[in-house]
Student: 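For reference, the structure I am asking about is given below.
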Amino acid sequence: MTDKARYLVPDDYMADPAVHLFRGKLYIYPSHDRESGIPENDNGDHFDMNDYHVFSMESPEGPVTDHGIVLRTADIPWAGRQLWDCDVAEKDGLYYMYFPLKDQTDIFRIGVAIAQRPEGPFIPQPDPIRGSYSIDPALLKDDDGSYYMYFGGLWGGQLQRYRNNKALESAILPEGSEPALGPRVVKLSDDMLQFAEAPREVLILDEAGAPLTAADSSRRFFEASWMHKYRGLYYFSYSTGDTHNICYATGDNPYGPFTYQGLILPPVVGWTTHHAIVEFHGRWWLFHHDSIPSGGKTWLRSLKVAELEYESDGRIKTIL
Ligand code: FUB
């Protein structure tokens with residue numbers, strides 16, 4: 001699949017792209033996969049990344065510039081292990097990177113690091129965001145200047161350990177006809193360094209208006225939140241994890257609920273799938289990853305980009 005996609009960083013393993021248009025260029029903020037020798041398991045211990053690079057492009061069809069390492073685990077005061085999928089937002093000329101990382105008790109928290117330029121370097125804050133948990137932060141700057149973070153991921157992403165923003169004594173994954181666990185959304189504080197409110201669970205509904213169930217594993221949320229707007233509508237897209245789809249749901253406000261709409265990208269080679277959707281000069285692009293260049297090793301993924309198109313009614317065409 002995705003024959004029309006091209007690989008962006010053929011000489012290294014990069015995954016989980018977040019992509020934004022800053023200062024007229026596209027900036028890519030990926031995870032940096034590496035061969036750590038840690039055996040593969042359902043908790044994702046094999047995803048043992050310890051730094052981030054930033055890449056930029058003058059256009060999605062042009063060459064890619066590597067700006068080098070911009071943040072290392074070793075520079076983060078509260079670090080335990082595993083720098084997973086990050087995202088960056090710009091406010092008033094500063095660039096804020098949000099990154100999930102396990103603390104020294106092996107619990108994922110979300111940290112913030114600040115840069116003067118989109119290409120970094122990013123200087124980490126001394127502590128993670130108060131009340132943060134789980135993984136895969138994705139940022140939306142809304143048209144009114146508010147910033148929202150979407151986050152959460154199942155299994156190794158630890159979302160099943162929480163209800164109502166409180167840690168459970170032991171993890172509970174909904175089953176069967178129970179509503180699936182939703183991602184979280186939260187408005188950021190004016191200084192971009194904390195949550196401005198308690199995170200809310202995002203509802204993803206089926207065509208009849210009922211929450212997607214845990215058994216509906218080819219459509220329910222698993223991880224890899226992304227939010228973009230098209231013609232004024234909010235498009236929340238995500239990975240279904242163990243069924244390996246990237247799909248989307250739409251709504252009329254940043255908190256949802258969002259109604260399931262369809263498949264953007266069917267399963268790629270490799271266990272994980274993860275993406276970003278961005279507009280560049282009137283055309284739309286899907287950045288994502290697969291594990292073809294590493295011969296299918298799930299922990300060694302490669303960045304790709306493909307054009308994304310809409311039907312006239314606003315539906316996203318599945319990329320085949
Ligand atoms: O890269 C580690 C994890 O794999 C990400 O946080 C998930 O979204 C999945 O892509």
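When a ligand or atom number is given, it counts from 1 through the structure's own listing order.
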Student: Does a sphere of radius 6.0 Å around CZ in R34 hold more than 12 heavy atoms from other residues, nucleotides or ligands, not counting ones at 6.0 Å or beyond?
Tutor: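 Enclosed.
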Student: Please could you name the atoms of ligand 1 that D136 approaches to less than 4.0 Å, counting only its heavy atoms?
Tutor: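 It comes down to these atoms of ligand 1: 5 (C), 6 (O), 7 (C), 8 (O).
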Student: Does a donor on one side chain and an acceptor on the other come within less than 3.5 Å for W299 and E35?
Tutor: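 W299 vs E35: donor-acceptor pair found between side chains.
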Student: Considering heavy atoms of the protein only, find what lies nearest to atom 1 (O) of ligand 1 and give residue, atom and distance to 0.1 Å.
Tutor: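 It is D16 OD2, 2.4 Å.
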Student: Show which atoms of ligand 1 fall inside a sub-4.0 Å distance from at least one heavy-atom site of R301.
Tutor: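 Reading through ligand 1 atom by atom, the close ones are 1 (O), 2 (C), 4 (O), 9 (C), 10 (O).
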Student: Given side chains that start at C-beta, do those of R219 and T243 come closer than 4.5 Å, heavy atoms only?
Tutor: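 Answer no - side chains too far apart.
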Student: If hydrogens are left out, which of H275, M49, E223 has an atom nearest to atom 9 (C) of ligand 1, that is, the closest non-hydrogen atom?
Tutor: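 Among H275, M49, E223, the closest heavy atom to atom 9 (C) of ligand 1 belongs to E223.
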Student: Please indicate whether any nitrogen or oxygen in T273 is less than 3.5 Å from any nitrogen or oxygen in ligand 1.
Tutor: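 No; the residue has no nitrogen or oxygen that sits under 3.5 Å from a nitrogen or oxygen of the ligand.
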Student: Near D85, which atoms of ligand 1 are under 4.0 Å from a heavy atom of that residue?
Tutor: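 By the 4.0 Å cutoff, the relevant atoms are 6 (O).
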Student: When you look at CD of Q116, are more than 12 heavy atoms from neighbouring residues, nucleotides or ligands closer to it than 6.0 Å?
Tutor: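 No, CD of Q116 has 12 or fewer neighbouring heavy atoms, counting only those of other groups under 6.0 Å.
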Student: Any atoms of ligand 1 less than 4.0 Å from a non-hydrogen atom of T272? List them with their elements.
Tutor: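 The list of qualifying atoms is 4 (O), 9 (C), 10 (O).
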Student: For ligand 1, find out whether one of its N or O atoms is nearer than 3.5 Å to an N or O atom of H289.
Tutor: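 For ligand 1, there is no N or O atom that lies under 3.5 Å from one belonging to H289.
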Student: Under 6.0 Å from the CG atom of D12, do we count more than 12 heavy atoms belonging to anything else shown?
Tutor: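 Yes, because the 6.0 Å sphere around CG of D12 holds more than 12 heavy atoms from other groups.
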Student: For Q82, is the nearest heavy atom under 4.0 Å from an atom of ligand 1?
Tutor: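 Under 4.0 Å: no for Q82.
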Student: With only distance considered, is H274 within less than 3.5 Å of ligand 1 through an N or O on each side?
Tutor: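 Yes: some nitrogen or oxygen of H274 is under 3.5 Å from one in ligand 1.
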Student: Taking atom types as modelled, find out whether H67 and S56 have a side-chain donor-acceptor pair closer than 3.5 angstrom.
Tutor: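 Per modelled atom types, H67 and S56 side chains form a pair under 3.5 Å.
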Student: Could you note down all residue pairs passing salt bridge (charged side-chain N to carboxylate O under 4.0 Å, His left out) where residues 161-189 supplies at least one of them, sequence neighbours left out?
Tutor: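 Residue pairs with at least one partner in residues 161-189: R184-E201.
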Student: Salt-bridged, D127 to R109, with N to O below 4.0 Å?
Tutor: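 Result for this pair is no, no salt bridge flagged.
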Student: Do any N/O atoms on W84 end up under 3.5 angstrom from N/O atoms on ligand 1?
Tutor: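 Such a contact does not occur with ligand 1.
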